[in-house]
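As structure tokens, the structure follows; a few thoughts come after it.
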Amino acid sequence: MYPTIKRFLDFILSLIGILVLSPFLLLLVIFIKLDSPGPVLFKQKRVGIHKSYFQIYKFRTMRIDTPNDCPTHLLTDPDHWITRVGKFLRKTSLDEVPQIFNILKGEMSIIGPRPALWNQYDLIAERDKYGANDVMPGLTGWAQINGRDELPIDIKAKFDGEYVLNMGLTMDVVCFLKTIVTVIKHDGIVEGKTKEVENR
């Protein structure tokens, strides 16, 4: 029952978000175009529900010659690739805003496990243990507010599993509200190669 309600809320809220944010999105488009050559949107193959594939949308924050399909936190020198406007977008998480179109299309949810890259086989395999590949991926989720980029894969998958076990309106509201705090504080954002976080 809740997945049906969840999808209805996702559709309505994403539609409202697009309408309300349209002028702001247009402004960001102009800044990105003026800052560096290349497309405004960055599209990348990600893993959706039941391990299907879809193209995720983000505002482009990196140069067009950046290595493909490599998570930013695994780049040796990410500052070399990130544009000036891109640094601001990433710090404020505004680069993720175009995913409201993925949500509107039914490829993502507002709350859920963050969609893995198609080649993050270790993360996908870990999520299989918890059934986390069988729910709609989200713009934000339980793992996002509990460490984000800092989390090692096994811990991240465990948090995704906790979300699956407790999925419901209360859990989604908690994730949404805590995400706002996390974004404001810039918690868990790591650029460049990271060390595993112990005892989380």
Is the shortest heavy-atom distance from the side chain of [X] to the side chain of [Y] under 4.5 Å?
X	Y	value
K58	R90	no
V85	S36	no
R46	P137	no

With a sphere of 6.0 Å drawn around [atom1] of [X], does it hold more than 12 non-hydrogen atoms of other residues, nucleotides or ligands?
X	atom1	value
R84	CZ	no
Y2	OH	yes
K158	NZ	no

Go through the steps to decide whether I184 and I180 satisfy the test side-chain contact (heavy atoms from CB on, under 4.5 Å), and finish with yes or no. CA-CA 6 Å; I184 292 173; I180 295 174; 3.9 Å; yes
Check whether [X] reaches the backbone of [Y] with its side chain - one donor and one acceptor, N or O, closer than 3.5 Å.
X	Y	value
N133	I124	yes
R114	L139	yes
D160	A132	no
E96	S93	no
K6	I111	yes
K33	G38	yes

Are [X] and [Y] grouped together when hydrophobic residues (ILVMFWY) are joined by side-chain heavy atoms under 4.5 angstrom apart?
X	Y	result
Y57	M136	no
I49	I5	no
V174	L165	no
I155	W142	yes
I16	F8	yes

How far apart are the closest heavy atoms of [X] and [Y], and which atoms are they?
X	Y	result
C175	G141	SG-C, 4.1 Å
I100	S14	O-CB, 3.6 Å
A143	L151	O-CD1, 3.6 Å

Could you list who else is in Y130's hydrophobic cluster, with ILVMFWY side chains joined at under 4.5 Å, directly or through other members?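 Direct or chained contacts put Y130 with none.
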About how many Å separate [atom2] of [Y] and [atom1] of [X], when rounded to the nearest 0.5 Å?
X	Y	atom1	atom2	value
L9	I103	CG	CD1	12.0 Å
F31	L26	CZ	CG	10.5 Å
Q120	R127	CD	CZ	8.0 Å
D122	I153	CG	CD1	3.5 Å
L28	I32	CG	CD1	6.0 Å
W81	I64	CH2	CD1	11.5 Å

Just by distance, no angles: are the side chains of R60 and T83 close enough, under 3.5 Å, to form a donor-acceptor pair?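 The answer is no; no qualifying pair exists.
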Candidate pair F159 and I145, rule side-chain contact (heavy atoms from CB on, under 4.5 Å), full reasoning: CA-CA 10 Å; F159 276 124; I145 61 176; over 6 Å; no
Given the rule in the side-chain contact (heavy atoms from CB on, under 4.5 Å) test, do I110 and F176 qualify, once you have shown the distances and angles that lead to the verdict? CA-CA 8 Å; I110 295 173; F176 184 80; 4.2 Å; yes
Could you walk me through whether M108 and I56 satisfy the side-chain contact (heavy atoms from CB on, under 4.5 Å) test, starting with their C-alpha distance in whole Å, then the side-chain angles of each, then the deciding distance to 0.1 Å, before giving a yes or no? CA-CA 9 Å; M108 290 179 60; I56 198 172; 4.0 Å; yes
